[in-house]
Amino acid sequence: MTAELLLASLQISTPELILAIGALVLLMIGVYSRSGASSLVTGLAVVLMAAATLWLVFSPVEGEAWGGAFVLDSFARFMKVIALIGSLTALIMSMSHAKSNKLDQFEFPVLVTLATLGMMLLISANDLLAVYLGLELMSLALYVVAAFNRDSLRSTEAGLKYFVLGALSSGMLLYGMSLVYGFTGNTGLDNIAAVLTAETRSLGVVFGLVFILAGLAFKISAVPFHMWTPDVYEGAPTPVTAFFAAGPKVAAMAVFVRVVSEAFMPVFSDWQQVVVFISIASMLLGSFAAIGQKNIKRLMAYSSIGHMGYALVGLASGSETGVSGVALYMLIYMVMTLGTFACIMSMRSKDDTVLENIDDLAGLSSTNPFMAVVLTALMFSLAGIPPLAGFFAKYFVFVAAIEAQLYALAVIGVLSSVVGAYYYLRLVKVMWFDAPVSEFARSTGQLRLVFGLSGLFVTAYVLFGGPVGNAATAAARSFF
């Protein structure tokens with residue numbers, strides 16, 4: 001590699017370098033500080049992520065780096081900004097209850113920073129090996145973070161389940177990649193597409209593609225690879241669950257879109273069938289399995305499974321409109337989820353007991369009207385009720401499905417939304433019509449800021465949705 005190419009590669013991957021070098025520096029600060037380094041390291045990690053976000057927003061640099069294994073285009077830029085904002089917000093939220101969740105260790109923000117670095121590499125991966133490296137860097141940090149509260153049996157169980165099932169999915173992904181390499185002779189996404197265009201696709205490539213999709217479906221918790229989600233969401237400390245629901249989901253969906261849109265578009269009809277199946281299965285399971293849940297974190301787990309199904313509706317269309325809908329969906333989903341988890345983290349009694357049951361929200365409208373109004377708006381938005389942001393997220397993916405003549409998929413999606421609205425409205429009923437059981441302790445400033453801004457976003461989206469939609473459309477043009 002010449003000096004010019006090396007310099008260009010370093011410039012294109014500047015945000016990743018900021019996080020990589022920053023994580024090592026934060027680790028040293030934590031190790032050599034005597035005590036109380038957690039708050040300092042967390043604050044510096046937030047600054048690092050903010051710096052990487054600003055670089056992505058304002059730097060015009062785009063192109064391929066590191067021999068074509070890394071690409072920065074409009075899609076990567078859009079999804080990276082979303083992932084960074086999600087990680088940054090989750091870290092800010094964790095500061096409010098770090099001590100009570102046993103997260104007041106300097107290793108926690110370092111692990112979150114490394115997981116975010118893995119997400120960034122994953123979103124820009126332009127080679128199957130780069131996909132695997134980014135995925136593992138993200139996943140290994142997430143395994144540790146899930147089990148971070150070692151004094152909690154539920155937390156350690158969540159980490160172990162996630163690790164065992166994650167190792168299984170990684171094995172499936174690698175096996176699929178080895179098959180694709182064996183039958184195409186390439187690992188670069190562009191090169192695989194060129195080979196599939198020039199030759200008749202073989203059965204081995206289809207098997208490899210199915211294994212790759214299975215491994216990626218695990219990471220976005222799509223059915224039938226969703227089994228880890230409810231237990232990990234419930235068992236992990238709530239700030240960790242909020243982080244899981246934000247950045248990693250965005251990164252996994254981004255690489256899902258990139259792999260099928262870049263490498264396997266020549267065999268569109270093959271992967272479309274798989275995506276349609278897991279989309280329908282995720283929407284239906286997410287809608288029906290959540291109905292009987294009493295724990296609000298488990299309910300959000302099934303909700304996330306359903307929402308990944310809705311996002312995949314856009315991808316199944318295989319069009320620019322569909323990919324644009326997926327990008328927009330992930331942005332709106334992340335904002336709604338972070339706002340909801342900020343409200344869940346505020347569910348604490350005055351003696352600092354963590355409350356997680358839906359019935360604990362009874363009478364919230366009389367004890368904490370502001371939080372009740374915001375959570376109501378977020379529930380309506382998650383249900384897809386107009387004119388809130390969640391309605392527009394679902395509208396654009398369903399429009400893409402109809403344009404692609406996937407009428408059955410769109411109808412099933414709409415019917416699933418109707419069923420899913422039941423359990424969101426049940427929360428609203430509990431907050432506004434049930435008698436208060438107890439009053440929550442006052443929320444911290446960070447949590448009030450997060451759920452306040454989330455509520456503002458979903459209610460006022462109709463006023464500023466145009467530029468956001470244009471950015472998502474520009475991101476989708478990277479593939480078409």
Side-chain angles (χ1 to χ4, degrees), residues 75 169 172-173 176 180 189 192-193 196 201 203 205-227 229 249-250 252-290 302-330 333 384 393-420 472 476 479-480:
F75 181 77
S169 77
M172 294 170 73
L173 189 71
V180 169
L189 302 187
I192 291 169
L196 293 177
R201 67 113 173 96
L203 193 60
V205 169
V206 176
F207 271 99
L209 171 60
V210 170
F211 275 104
I212 289 173
L213 294 183
L216 294 177
F218 175 90
K219 297 301 177 186
I220 61 169
S221 66
V223 176
F225 308 100
H226 65 286
M227 65 291 288
T229 316
K249 284 283 175 73
V250 172
M253 183 60 78
V255 77
F256 200 119
V257 171
R258 186 176 292 282
V259 166
V260 297
S261 299
E262 279 203 2
F264 296 104
M265 193 52 88
V267 290
F268 168 66
S269 58
D270 292 315
W271 63 256
Q272 185 190 39
Q273 298 171 48
V274 179
V275 172
V276 167
F277 169 74
I278 62 177
S279 173
I280 291 173
S282 300
M283 290 188 293
L284 292 176
L285 183 122
S287 295
F288 286 98
Y302 286 109
S303 169
S304 81
I305 293 168
H307 281 286
M308 292 305 103
Y310 295 122
L312 288 172
V313 170
L315 182 59
S317 68
S319 64
E320 183 184 315
T321 309
V323 174
S324 168
V326 174
L328 185 64
Y329 200 104
M330 294 313 295
Y333 166 76
K394 288 182 178 175
Y395 172 78
F396 286 114
V397 292
F398 290 152
V399 163
I402 290 167
E403 286 179 0
Q405 299 184 344
L406 297 171
Y407 304 118
L409 181 61
V411 168
I412 292 169
V414 172
L415 294 177
S416 298
S417 289
V418 174
V419 175
F479 305 120
F480 298 95

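Side chains are part of it too, since the values below use all heavy atoms of this structure and drop only hydrogens, waters and symmetry mates.
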Practice problem: Could you check Phe288 against Ser416 for side-chain contact (heavy atoms from CB on, under 4.5 Å), going step by step and ending with a plain yes or no? | Solution: CA-CA 8 Å; Phe288 286 98; Ser416 298; 5.9 Å; no
Practice problem: Take Tyr333 and Tyr310 through the test side-chain contact (heavy atoms from CB on, under 4.5 Å) and record every step on the way to the result. | Solution: CA-CA 10 Å; Tyr333 166 76; Tyr310 295 122; over 6 Å; no
Quiz prompt | Criterion side-chain contact (heavy atoms from CB on, under 4.5 Å) on Ser169 and Leu216, from CA distance to verdict | solution = CA-CA 8 Å; Ser169 77; Leu216 294 177; over 6 Å; no
Practice problem: Could you walk me through whether Leu409 and Met283 pass the side-chain contact (heavy atoms from CB on, under 4.5 Å) test, one step at a time? | Solution: CA-CA 10 Å; Leu409 181 61; Met283 290 188 293; 4.0 Å; yes
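Contact record, Gly322 with Ala400: CA-CB, 3.5 Å, taken as the closest heavy-atom pair. Contact record, Ile192 with Ala263: CG2-O, 3.8 Å, taken as the closest heavy-atom pair. In plain terms, the two heavy atoms of Met308 and Ser221 that are nearest each other are CG-OG, 4.3 Å. The heavy-atom pair separating Ala401 from Ala410 by the smallest distance is CB-CB, 4.3 Å. Between Ala311 and Val326, the shortest heavy-atom contact is O-CG2, 3.1 Å. When all heavy atoms of Ala316 and Leu406 are compared, the pair lying nearest together is O-CD1, 3.7 Å.
Although no hydrogens or angles enter the test, the distance criterion places no donor-acceptor pair under 3.5 Å between the side chain of Trp271 and the main chain of Leu209. In this structure, the side chain of Ser282 engages the main chain of Val223 through a donor-acceptor pair within 3.5 Å. The main-chain N or O of His226 is found under 3.5 Å from a side-chain atom of Thr229 such that the two form a donor-acceptor pair. Side-chain atoms of Ser261 do not come within 3.5 Å of backbone N or O of Arg258 as any donor-acceptor pair.
For Phe207, the CZ atom sits in a loose shell: 12 or fewer heavy atoms of surrounding residues, nucleotides or ligands are nearer than 6.0 Å. Atom OH of Tyr395 is surrounded by 12 or fewer heavy atoms from other residues, nucleotides or ligands within 6.0 Å.
In this structure the side chain of Phe479 never reaches within 4.5 angstrom of the side chain of Met265, judged on heavy atoms. Residues Pro224 and Ile278 meet the side-chain proximity criterion, which asks for heavy atoms closer than 4.5 Å. Proximity of Thr321 to Phe396: side-chain heavy atoms (C-beta onward) are nowhere separated by under 4.5 Å. The side-chain heavy atoms of Phe225 and Lys219, taken from C-beta on, include no pair separated by under 4.5 Å. By the 4.5 Å heavy-atom criterion applied to side chains, Val257 and Phe75 are counted as neighbours. Between Ser317 and Glu403, the closest side-chain pair of non-hydrogen atoms is not below 4.5 Å. Between Leu328 and Val397, every side-chain heavy-atom pair lies at or beyond the 4.5 Å cut-off. Residues Val180 and Phe211 fail the side-chain proximity criterion, which asks for heavy atoms closer than 4.5 Å.
Separating the OH atom in Tyr407 from the CD1 atom in Ile402 is a distance of 8.0 Å, to the nearest 0.5 Å. The CG atom of Leu312 sits 11.0 Å away from the CD1 atom of Ile280 when rounded to the nearest 0.5 Å.
Side-chain atoms of His307 and Tyr329 form a donor-acceptor pair, as typed in the model, at a separation below 3.5 Å.
Counting only residues at least two apart or on different chains, the salt bridge (Lys or Arg N to Asp or Glu O under 4.0 Å) pairs with a member in residues 270-290 are Arg201-Asp270.
Taking Ser279 as the reference, nothing meets the side-chain hydrogen bond (donor to acceptor under 3.5 Å, both in side chains) condition, with sequence neighbours excluded.
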